[in-house]
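Have a look at the structure below before the remarks.
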Amino acid sequence: RSTTKGLWRDGLKVIQEDGTAYFVVNRRTDVVLTLRRPVEVQAWLGPTSPVNTVHIATDEPQRLNHEVRKRIAVSQNS
């Protein structure tokens, strides 16, 4: 579990200078995804600036990690 310094509210926070998005719940995130290429995140007011790194809060970090790795393996074999 990682704490999110300075990110004291739950929800989406994008740090444009870092190209990082945080999906925070209870002032924490559990999983960090490093993306192959930048993507825009759909926010309430429209798409954000592109991000390369996504920090996510999840109840089951090991399961999320397993599922992401499984899909990466499938896409690499296609």
Side-chain angles (χ1 to χ4, degrees):
R1 269 187 190 172
S2 68
T3 57
T4 50
K5 296 177 185 175
L7 301 174
W8 41 268
R9 294 187 354 182
D10 288 357
L12 171 64
K13 172 83 172 177
V14 174
I15 309 297
Q16 186 172 356
E17 301 80 31
D18 297 344
T20 304
Y22 295 86
F23 291 91
V24 180
V25 176
N26 293 326
R27 297 184 181 180
R28 67 176 178 78
T29 59
D30 304 291
V31 175
V32 179
L33 301 175
T34 303
L35 308 177
R36 289 183 189 162
R37 61 184 172 275
V39 298
E40 294 176 335
V41 176
Q42 186 61 43
W44 284 101
L45 299 175
T48 67
S49 58
V51 298
N52 297 309
T53 306
V54 181
H55 296 253
I56 303 171
T58 178
D59 291 334
E60 300 181 53
Q62 292 85 7
R63 182 174 173 201
L64 178 61
N65 186 30
H66 174 75
E67 293 298 326
V68 168
R69 288 180 184 278
K70 198 162 66 172
R71 281 162 181 71
I72 289 170
V74 168
S75 71
Q76 289 176 343
N77 292 329
S78 299

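No experiment lies behind these values; they were computed from the predicted model shown. Just so you know, these numbers use all the heavy atoms, side chains as well, and skip hydrogens, waters and symmetry mates.
Side-chain contact between Ile56 and Leu33 is present, with at least one heavy-atom pair separated by less than 4.5 Å.
Sparse packing is recorded around CD of Gln16, with 12 or fewer heavy atoms of other residues, nucleotides or ligands lying under 6.0 Å away. Atom CG of Asp18 is surrounded by more than 12 heavy atoms from other residues, nucleotides or ligands within 6.0 Å.
When every heavy atom of Arg28 is checked against every heavy atom of Ala57, the shortest pair comes out as O-CB, 3.4 Å. Of all heavy-atom pairs between Asn26 and Asp10, the closest is N-OD1, 2.8 Å. Minimum heavy-atom separation, Val32 to His55: CG2-ND1, 3.3 Å. Considering every non-hydrogen atom in both Val51 and Leu35, the closest pair reads O-CD1, 3.7 Å.
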From CA spacing to verdict: side-chain contact (heavy atoms from CB on, under 4.5 Å), Gln62, His66: CA-CA 6 Å; Gln62 292 85 7; His66 174 75; over 6 Å; no

Verdict with supporting geometry, Asn52 and Thr34, side-chain contact (heavy atoms from CB on, under 4.5 Å): CA-CA 6 Å; Asn52 297 309; Thr34 303; 5.9 Å; no

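Using a 4.5 Å cut-off between side-chain heavy atoms of Ile, Leu, Val, Met, Phe, Trp and Tyr, with links allowed through other members, Leu12 and Val54 fall into the same hydrophobic cluster.
Checked against Phe23 for a side-chain contact (heavy atoms from CB on, under 4.5 Å), the options Thr58, Asp30, Val41 give a single hit: Val41.
Rounding to the nearest 0.5 Å gives a distance of 14.0 Å between NZ of Lys13 and OG1 of Thr29.
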